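On a predicted model such as this, the values are computed, not experimentally measured, just so you know. Numbering of ligands and ligand atoms starts at 1, following listing order.
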Amino acid sequence: MDRATLIEMTQDALAHGKAGTMRLAPEVMKVKADIYTDEERFEREKKLIFRRMPLMLAPTAELPNPGDYKAMEAVGVPVLLTRGKDGKVRAFLNSCTHRGTAVALGTGNTSRFICGYHGWTFNREGKLIGVASRDDFGDVNTDELGLQPFPVLEKAGLIWAILDPNSTLDISSFLSGYDQLLEGFGFESWKFFESRTLRGPNWKIAYDGYLDFYHLPVLHSETFGRNIPNRALFYPFGPHTRVMAPSTVLPMPAGLDFADLEQQDSSEWPTEALMNGVWTIFPHISIATFYGGQRGVMISQLFPGDNVSESFTTQIYLSEKPLTEESRAGLHDQFKLLEYVVQHEDYGTGLRQQRALDAGMTEYVYFGRNEGGGQVFHGWVQKLLDTSNDDLHGLFGEHKQAAE
Ligand code: FES
Ligand SMILES: [Fe+2]
């Protein structure tokens, strides 16, 4: 864990909170409105971003034990995540090598996957271990007919995969040191609580809302935002950005606030106090902490939908501590509120924004100097669309940019 950088960011937020200042981007950014509506660009984004970049597909908490698996769809690709006997996570194309149907559905624990069509059997390591009625079927080389593997990395209690079996991109360098900060959560030992999926507007319209505190006291005035300031500090690490308030109002461990931190030497600051704010992981994840019931995080995982005007967000709720009857109720209420907030306030607004932009009469939208997170995000989206496979590696060679 990179505790020194976590402390540095907290000190920076403290200093800004005290001085009543924030860091502003150099200029207002003007973005062509058709980036949210152009089908052709949407196809390129899916291909050059979602099929080329590592995606955080599941927290460790969703498949903590050997034999646990999770089948899911990501940008039209059926994916199977498994944890082997050796404790290692693997990612595969969830497609039987006989004639292609999915070999697993949902989540569960198993020692092998038996295809539901004709009964071919694969082990958790993806190897084909059984061909039904083998003598009748005829000769095939089972060694060549394992499930197709994707590059995968489990780090900081989160699991990334690249949906391109031939990718040589180094997932670690893509993470740009950000994983060492995320380690501050200790997600390896957190518990999966619940998940659900919501429909929203274009994936970038939806994602913009996770990178901006500007809207909190306005759009969320009826739920949680009324007294929340609209200022944010942005800490980019490669394409990933952490968003923090330069103030004392975001969730902190019970009984602790920034003022308390000032009384202590930074070496004594509890790591939990260094993890607040919103952690976005490019291109499609946001992690935010809540204290309903007990400490929890909501991981929002966004995927482009079937057309440019649609996205789907899976909200995955994790609890730091094991679940009890009592904590379940608190976590449930917190998660329910977040469903309402995102579905009705954020995505309700986003869908109306989408309708208006789809009308095709808006030329530009704007990201203010106070919306640096959105500026960095859109800069990276464009950069990736402009970068060939050959030049991709160089993009992430540079490691973290320290907080200024
Ligand atoms: S498609 Fe899987 S066994 Fe036939
Ligand atoms: Fe919001």
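If you check the side chains of Thr313 and Gln301, you find no donor sitting under 3.5 Å from an acceptor. Side chains of Gln315 and Ser195: a donor-acceptor N/O pair is absent below 3.5 angstrom, by distance only. When only modelled atom types and interatomic distance are considered, Tyr207 and Asn202 share no side-chain donor-acceptor pair under 3.5 Å. Side-chain contact of Ser95 with Gln148: a donor-acceptor pair under 3.5 Å is absent, judged by distance alone.
Not a single N, O or S atom of Asp212, from either the backbone or the side chain, sits less than 2.8 Å from the Fe ion (ligand 2). Not one N/O/S atom of His118, from backbone or side chain, sits under 2.8 Å from atom 2 (Fe) of ligand 1. When distances to atom 2 (Fe) of ligand 1 are checked against a cut-off of 2.8 Å, His98 contributes no N, O or S atom below that limit.
Using a 4.5 Å cut-off on side-chain heavy atoms (C-beta onward), Asn276 and Met244 make contact.
Near Trp120, meaning under 4.0 Å from one of its heavy atoms, ligand 1 places the atoms 3 (S). Of all the atoms in ligand 1, the ones that sit under 4.0 Å from a non-hydrogen atom of Gly119 are 3 (S). Within ligand 1, counting atoms from 1 as listed, the ones closer than 4.0 Å to a heavy atom of Cys115 are 1 (S), 2 (Fe), 3 (S).
The closest approach of His220 to the Fe ion (ligand 2), by N/O/S atoms, is made by NE2. The N, O or S atom of Asp346 lying closest to the Fe ion (ligand 2) is OD1.
Taking atom 1 (S) of ligand 1 as the reference point, the nearest protein heavy-atom neighbour is Arg99 N, 3.4 Å.
Between Phe237 and Trp279, the distance from one ring center to the other does not fall under 6.0 angstrom.
For the pair Arg196 and Phe335, the distance from NZ or CZ to the six-membered ring centre is under 6.0 Å and the angle to the ring normal is within 45 degrees.
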